[in-house]
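Here is the structure we will look at, set down as structure tokens.
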Amino acid sequence: MPKVTLPSGEQREVEAGVPVGSALPPDAVCARVDGRLVDLSYPLAADAALEPVLASDPDGLHVLRHSTAHVMAQAVCDLWPGARYAIGPPIEDGFYYDFDLPVSLTPEDLERIEARMREIAAAAQPFVREELSREQAAAAFADQPFKREIIETAEAAEGALGETFSVYRNDGWADLCLGPHVPSTARLGVFKLLSLAGAYWRGDERRPQLQRIYGTAWATEEDLAAHLHRLEEAERRDHRRLGRQLDLFSFPDELGAGLLVWHPRGGIFRKQIEDFVRELHLERGYAPVFTPHVARSGLWETSGHLAKYVENMYPAMRDENDVRYFVKPMNCPFHVLVYKSQTRSYRDLPMRLFELGTIYRHERAGTLHGLLRVRGGTQDDSHIVCTREQLVDEILRVFDLTLEIHRTFGFTDPIVNLSTKPGQAIGDEGMWAEATEYLRMALDRSGLAYTVAEGEGAFYGPKVDFHFRDAIGRLWQLTTVQCDFALPERFEMEYMGEDNERHRPVMIHRAILGTIERFSGVLIEHYAGAFPLWLAPEQVRIVPVADRHAEHARTLAGRLARSGLRAEVDDSRETVPKKIRAAQLMKVNYTLVVGDREIEAGTVAVREREGREVRGVPFEAFAAAAEAEARSRSLEPVDLAALLPAAAPGISEG
RNA sequence: GCCGGCGUGGCGCAGCCCGGGAGCGCAAGCGACUUGUAAUCGCUAGGUCGUGGGUUCGAAUCCCACCGCCGGCUCCA
């Protein structure tokens with residue numbers, strides 16, 4: 001009789017061939033036998049370590065979602081007989097399934113599908129596993145072309161184990177699947193269908209486009225509710241919505257897709273970011289340069305952009321002599337020309353050229369997305385020209401600057417990738433190998449943990465990317481550092497060495513924020529529009545209680561402006577509650593209410609953005625504290641209570 | 001670029017299915033109130049219904065094309 005060992009260490013003998021589920025608690029969704037996930041119906045044949053997998057376990061949740069995807073496909077096939085189904089895997093937070101249907105699905109159809117799924121769940125249909133030969137499987141799915149293609153092309157994956165194909169069947173509906181699955185549809189129920197989308201068969205845009213249904217499934221109703229709440233939270237933070245609400249920027253139709261204008265409030269916000277990074281770069285030995293937006297075609301031929309990047313460039317314009325000019329999609333060729341403007345010595349190196357350079361990329365129409373993907377944007381771009389000996393140190397300096405800049409915005413603990421040579425590339429293998437090796441050496445010396453992303457490099461060189469998590473845990477790629485041996489070659493860049501010989505330098509391309517537009521979008525979502533004081537378009541709003549207090553309010557605003565603070569007076573003839581509400585909606589950091597009492601005492605009643613309210617704060621103390629908060633680029637508001645004179649009234653919660 | 005959805009005063013939306021008065025709320029302007037911590041009351045003005053074409057006696061509404069936006073896919077980083 002086989003002996004099973006449970007996680008508790010308990011050992012038990014069971015009858016050979018009994019399902020593993022019989023030795024496990026009833027809430028298990030599947031089992032782990034010697035580390036491998038199996039169905040609860042899996043027969044025990046030999047001694048094994050046996051472990052229940054619960055819905056609360058990540059693997060269990062995966063299985064639950066996978067089973068829910070099956071039932072969704074089953075429901076779709078019930079409602080549209082003859083539907084062809086492709087694949088339906090679990091994904092982060094949910095699942096999807098792709099279909100080829102004669103009709104286009106509508107959001108109302110999702111409700112019908114969901115209703116049918118609930119019927120299937122209520123029917124408690126058991127999931128039954130079968131193992132078929134390749135021929136049997138092909139016959140079973142004779143009218144399902146996507147499944148047949150999987151069967152015909154399968155190696156030991158996606159439903160196939162060598163020449164055996166596993167199939168899961170419940171109530172006549174069957175799908176090719178490795179499993180495992182929950183024992184019965186009765187285990188499903190905490191799910192919701194979310195959205196419809198198009199998706200190419202096998203992710204290939206030359207192949208048929210299918211209809212994809214996205215859904216989510218969880219172990220408990222509370223988990224589902226929490227997930228839906230997170231989706232709402234993400235929507236609340238949507239930078240496109242906040243951009244309009246806070247009057248930061250707009251994308252007028254008249255400009256064309258992916259092109260925007262910054263409004264005065266957005267302009268202040270953006271300028272704060274730009275001033276900060278510019279200042280820091282100058283401190284770190286970067287030299288500011290400025291370059292034009294267009295250049296003749298020859299430059300782009302030399303750089304390789306016309307050969308490898310044209311589809312992302314705006315089409316050429318021609319002058320009266322039929323000379324072609326292109327708007328720049330990158331700044332690098334211009335910086336190369338700055339370098340080449342005179343004969344360089346090894347004493348000039350490293351040369352760190354910095355520019356907030358505005359670039360235009362004709363991104364495919366369907367990929368545009370608010371500030372996060374634009375056609376015209378400004379990069380905090382730099383090209384560092386140096387010797388091979390200086391390269392690793394220079395890369396390390398870039399890493400260091402990256403961490404410092406992002407820390408200021410509240411981004412820490414980066415996820416770092418090393419991306420290697422892509423399919424479309426310039427330069428030979430040896431160059432790529434060497435450039436990649438320098439990046440690897442720098443990473444190793446930096447102590448940063450990183451993973452290698454094969455084939456993800458830029459066309460001219462390998463790169464290191466930094467991703468950061470925002471306030472709700474989403475990951476954003478912000479920084480990219482690229483090592484380039486190809487452009488120095490193509491542009492025949494040189495320097496005179498100590499040995500009085502000509503040498504070829506190497507180049508680092510790097511953008512720490514990426515584009516200011518994209519970074520702004522990320523920041524807006526990260527802070528949910530509630531900016532730290534130094535970035536806030538309007539830092540202080542002063543609310544006079546009645547008309548007779550407006551003059552005093554303007555005096556205070558003038559005093560704050562002399563400290564470099566951005567303050568506005570709301571002298572509209574509205575009630576105080578209405579003005580407070582208006583300031584709160586605009587997410588102003590501090591709202592000062594002034595009336596007779598305040599004028600008398602030389603104080604202000606301060607309301608924080610989060611709603612706390614402190615009365616009787618001496619105005620000068622507030623001004624000094626706010627100035628210090630903004631100047632230090634603090635992420636935290638001042639402690640207003642500390643500004644109160646002794647024995648003053650306390651804080652009241654708003 | 002592909003699939004699907006959408007486009008109505010500055011913003012958020014109804015009207016479209018079933019063709020015939022262009023409406024609501026907020027914001028704005030004016031007036032009354034002089035206001036004490038998330039919306040005081042009243043009045044007024046504001047729209048070639050994304051653009052172009054078609055069907056029709058008549059189009060916001062039906063059809064076609066284009067532009068733009070949204071969700072994905074693909075792409076990019």
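Note on naming: letters A, B, ... go to the chains in the order of the sequence lines (proteins, then strands), and numbering restarts at 1 for each one. All values below were derived from every heavy atom in this structure, side-chain atoms included, with hydrogens, water molecules and symmetry-related copies excluded. This is a predicted model, so every value here is computed, not measured.
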Could you list all the salt bridge (Lys or Arg N to Asp or Glu O under 4.0 Å) pairs where at least one residue sits in residues 449-464 of chain A, not counting sequence neighbours? A:K463-A:D465
Pairwise N/O distances under 3.5 Å, protein to nucleotides 43-46 of chain B:
none

List the residues meeting ring pair (Phe, Tyr, Trp, His ring centres under 6.0 Å) with A:H293, not counting sequence neighbours, and say none if there are none. none
Check salt bridge (charged side-chain N to carboxylate O under 4.0 Å, His left out) between A:R490 and all other residues, then give those that pass, not counting sequence neighbours. none
Among residues two or more places apart or on two chains, list those pairs meeting side chain to side chain donor-acceptor pair (under 3.5 Å) that have a residue in residues 247-262 of chain A. A:S250-A:H263
Would you please name every residue forming a salt bridge (charged side-chain N to carboxylate O under 4.0 Å, His left out) with A:R554, sequence neighbours left out? A:E551, A:D571
Going 5' to 3' through nucleotides 64-71 of chain B, assign each nucleotide B (protein heavy atom under 4.0 Å from a base atom), S (under 4.0 Å only from sugar-phosphate atoms) or - (no protein heavy atom that close). ----SSSB
Which pairs count as salt bridge (Lys or Arg N to Asp or Glu O under 4.0 Å) when at least one residue sits in residues 369-379 of chain A, sequence neighbours excluded? A:E363-A:R373
Could I get the full list of salt bridge (charged side-chain N to carboxylate O under 4.0 Å, His left out) partners for A:R469, not counting sequence neighbours? none
Give me the distances for all protein-to-nucleotides 75-77 of chain B N/O pairs that come in under 3.5 Å?
from: B:C75; atom 1: O2; to: A:R373; atom 2: NH2; distance (Å): 3.1
from: B:C76; atom 1: O2; to: A:R373; atom 2: NH1; distance (Å): 3.3
from: B:C76; atom 1: O2; to: A:R373; atom 2: NH2; distance (Å): 3.4
from: B:A77; atom 1: O2'; to: A:Q477; atom 2: NE2; distance (Å): 3.0
from: B:A77; atom 1: N3; to: A:Q477; atom 2: OE1; distance (Å): 2.9

Which atoms of nucleotides 12-14 of chain B (N or O only) lie under 3.5 Å from a protein N or O atom, and what are those distances?
from: B:G12; atom 1: OP1; to: A:R244; atom 2: NH1; distance (Å): 2.9

Strictly by side chain to side chain donor-acceptor pair (under 3.5 Å), give each pair with a member in residues 507-523 of chain A just once, sequence neighbours left out. A:R270-A:E517, A:H281-A:R510, A:Y286-A:R510, A:H383-A:H509, A:D484-A:H509
